[in-house]
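Each remark here refers to the structure printed beneath this line.
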Amino acid sequence: MPSPTSPPVQNNADYFDFRAMERVPESHAWTGPQEYDHPVAAGHELEHDVVPVVDMRDDDDGAAAAAAARAAEEWGAFLLVGHGVPGELLARVEDQAARLFALPEPDKARAARRPGGGSSGYGVPQYLLRYPKRMWAEGYTFPAAAIRSEFRRVWPDAGDDYVSFCAAMDEYHVEMRALGRKLLAMFFQALGLAAAAGDDDDTERKILDTLTATMHLNLYPKCPDPELAVGLAAHTDSGFFTFIMQSPVPGLQLLRRRPSERWVTVPGVAGALVVVVGDLFHVLTNGRFHSVLHRAVVNRERDRISLPYFLGPPAHMKVAPLAAAVALGRKAEYRAVTWPEYMAMRETTFGTSLSALTMIQVKPEEESEET
Ligand SMILES: C=C1C[C@]23C[C@H]1CC[C@H]2[C@@]12CCC[C@@](C)(C(=O)O1)[C@H]2[C@@H]3C(=O)O
Ligand SMILES: O=C(O)CCC(=O)C(=O)O
Ligand SMILES: [Fe+2]
């Protein structure tokens with residue numbers, strides 16, 4: 001029996017009607033000093049608050065690859081332009097996401113995440129239920145490889161809305177996966193890890209060839225009290241890297257640690273994609289690229305949509321620092337893990353100030369045993 005003081009039991013299938021709210025209810029009010037409660041950088045007038053922009057067309061002599069690697073080292077994130085994904089497609093995908101979220105509750109409820117049913121479906125990702133408060137967002141997660149079967153749950157009759165939704169998401173997936181492979185090859189090139197041609201037993205080649213995508217749609221409805229609500233609490237992404245398409249309404253913030261801790265808002269640049277480095281890429285590069293804490297804030301005036309496209313290894317693949325990324329005379333800093341193993345470990349750290357990377361860090365005493 002829940003005690004009278006315990007919060008109402010909420011699970012990821014519970015529907016919350018944001019539109020009906022005239023104020024932020026207790027369940028969504030993040031009162032008191034928050035973790036990572038750092039100031040937000042005032043603007044972009046300071047050079048160190050300008051999010052790096054990488055233009056993929058700067059191709060002579062690996063200039064784009066070098067710029068992407070530098071940004072991944074220094075920021076763990078950057079804006080990507082010149083990526084070749086048509087603006088028309090980005091607009092259509094965003095429009096389709098907005099239509100999905102605008103459907104009546106029973107349609108979305110049919111596709112609700114099922115306890116133990118993996119991470120697909122409509123509703124709050126299970127990891128986020130670890131936080132004491134709910135976030136001001138609706139979400140939908142699905143494997144990029146199963147768009148059509150997933151959305152039959154929303155549109156069992158497979159009518160026109162279903163067809164146009166799936167067409168947009170399928171096209172987006174094709175473009176984004178190709179872009180993901182291209183960026184990964186650039187990262188490897190910049191790290192001096194370019195897979196030798198014809199060498200198909202090579203780890204880097206295997207990673208390129210098995211890159212796996214999970215798609216996620218976020219809607220952050222406009223909020224009557226944006227200071228009290230949180231769109232998405234501070235976290236690192238767990239995979240290799242994520243492309244985020246954000247509507248022109250900004251809301252994504254990156255935690256910068258130097259010269260002082262502060263949140264830097266990623267500007268809404270039309271047609272640009274944000275790249276965020278995840279924990280498993282941090283592992284793969286033995287910490288040379290670093291995963292970055294980021295969060296989403298909400299605003300009073302406008303709904304905001306974002307579409308993160310998560311790229312990582314297939315579920316069975318163990319990820320460990322690449323031999324070539326471990327500098328001479330150094331040790332691998334992290335133990336090998338699969339993506340699901342890592343997500344399960346990390347779940348226990350959500351809502352705490354621990355970084356899950358420390359849970360797979362090789363400690364000095366283990367190093368001596370291993371040799
Ligand atoms: C493929 C992914 C990536 C996941 C887990 C799984 C499905 C849902 C994704 C998110 C989406 C919301 C933030 C995050 C931190 C969360 O809790 O769920 C993401 C997480 C990750 O990047 O680890
Ligand atoms: O909404 C955003 O811009 C960020 C989304 C995000 O970080 C995520 O879903 O992992
Ligand atoms: Fe994220």
Side-chain angles (χ1 to χ4, degrees), residues 12 36 51 76-77 79 94 97 101 113 117-131 134-146 150 180 211-221 223 229-255 263-269 272-283 291-299 302-315 319 337-351 355-357:
N12 38 19
Y36 311 119
V51 179
L79 279 159
E94 189 187 324
F101 286 120
R113 289 169 206 269
S119 49
S120 319
Y122 171 77
V124 181
Q126 71 175 79
Y127 316 100
L128 303 183
L129 294 171
R130 288 261 171 189
Y131 290 91
R134 296 283 74 86
M135 293 164 207
W136 203 263
E138 287 183 54
Y140 202 126
T141 314
F142 49 101
E150 175 63 38
L211 204 55
T212 302
T214 301
M215 290 171 72
H216 186 79
L217 316 173
N218 285 309
L219 168 72
Y220 304 97
C223 176
V230 168
L232 180 56
H235 66 281
T236 54
D237 290 353
S238 58
F240 285 154
F241 54 89
T242 308
F243 289 118
I244 304 174
M245 168 165 91
Q246 60 169 343
S247 73
V249 183
L252 175 62
Q253 298 183 330
L254 308 170
L255 186 68
W263 289 103
V264 171
T265 302
V266 181
V269 176
L273 294 164
V274 186
V275 177
V276 170
V277 175
D279 288 344
L280 290 184
F281 216 71
H282 188 118
V283 170
S291 56
V292 63
L293 273 163
H294 56 283
R295 68 175 186 185
V297 298
V298 294
N299 75 88
R302 297 184 62 182
D303 288 358
R304 172 171 179 267
I305 281 180
S306 75
L307 273 99
Y309 185 89
F310 300 102
L311 286 161
V319 177
V337 278
T338 66
W339 198 1
E341 280 166 1
Y342 184 69
M343 282 197 286
M345 289 167 62
R346 193 188 54 159
E347 189 168 349
T348 64
T349 68
F350 266 111
S355 159
L357 280 171

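Order of appearance sets the numbers: ligands from 1, and atoms from 1 within every ligand. As a basis for the values below, the full set of heavy atoms in this structure was taken, side chains included, without hydrogen atoms, waters or symmetry mates.
Looking at atom 6 (C) of ligand 2, its nearest protein heavy atom turns out to be Leu232 CD2, 3.3 Å. For atom 10 (O) of ligand 2, the closest non-hydrogen atom of the protein is His235 NE2, 3.1 Å. Of the protein's non-hydrogen atoms, Ser306 OG, 3.3 Å is the one closest to atom 2 (C) of ligand 2.
A 4.5 Å side-chain heavy-atom check between Leu357 and Val283 finds at least one atom pair inside the cut-off. Between Tyr122 and Glu138 the shortest side-chain heavy-atom distance falls below 4.5 Å. The shortest distance between side-chain heavy atoms of His294 and Leu252 falls below 4.5 Å.
Checked by distance only, ligand 2 and His216 stay at 3.5 Å or farther apart across all their nitrogen or oxygen atoms. Between Gln246 and ligand 2, no pair of N/O atoms sits closer than 3.5 Å.
Distance alone, capped at 3.5 Å, places no donor-acceptor pair between the His216 side chain and the Thr214 backbone.
Nearest N/O/S atom of His235 relative to the Fe ion (ligand 3): this is NE2. For Asp237, the N/O/S atom at the shortest distance from the Fe ion (ligand 3) is named OD1.
Of the listed options Thr236, Leu252, Val297, Thr141, Leu252 places a heavy atom closest to atom 4 (C) of ligand 2.
Contact annotation: Arg304 has at least one heavy atom less than 4.0 Å from an atom of ligand 2. Under a 4.0 angstrom heavy-atom cut-off, Pro308 registers as being in contact with ligand 2.
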Dump all N/O pairs between ligand 1 and the protein below 3.5 Å as a table: atom names plus distance, one pair per row.
residue  : atom   : partner : partner atom : Å
ligand 1 : 22 (O) : Ser238  : N            : 3.1
ligand 1 : 23 (O) : Ser238  : N            : 3.3
ligand 1 : 23 (O) : Ser238  : OG           : 2.5
ligand 1 : 23 (O) : Arg346  : NH1          : 3.3
ligand 1 : 23 (O) : Arg346  : NH2          : 2.6

For Arg304 and Leu219, run side-chain contact (heavy atoms from CB on, under 4.5 Å): C-alpha distance rounded to whole Å, both residues' side-chain angles, the deciding distance at 0.1 Å, then the answer.
CA-CA 6 Å; Arg304 172 171 179 267; Leu219 168 72; over 6 Å; no
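Using a 4.0 Å cut-off to heavy atoms of His294, the atoms of ligand 2 that qualify are 7 (O).
Partners of Phe243 according to the ring pair (Phe, Tyr, Trp, His ring centres under 6.0 Å) rule, which considers only residues two or more places apart in sequence or in another chain, are Phe241.
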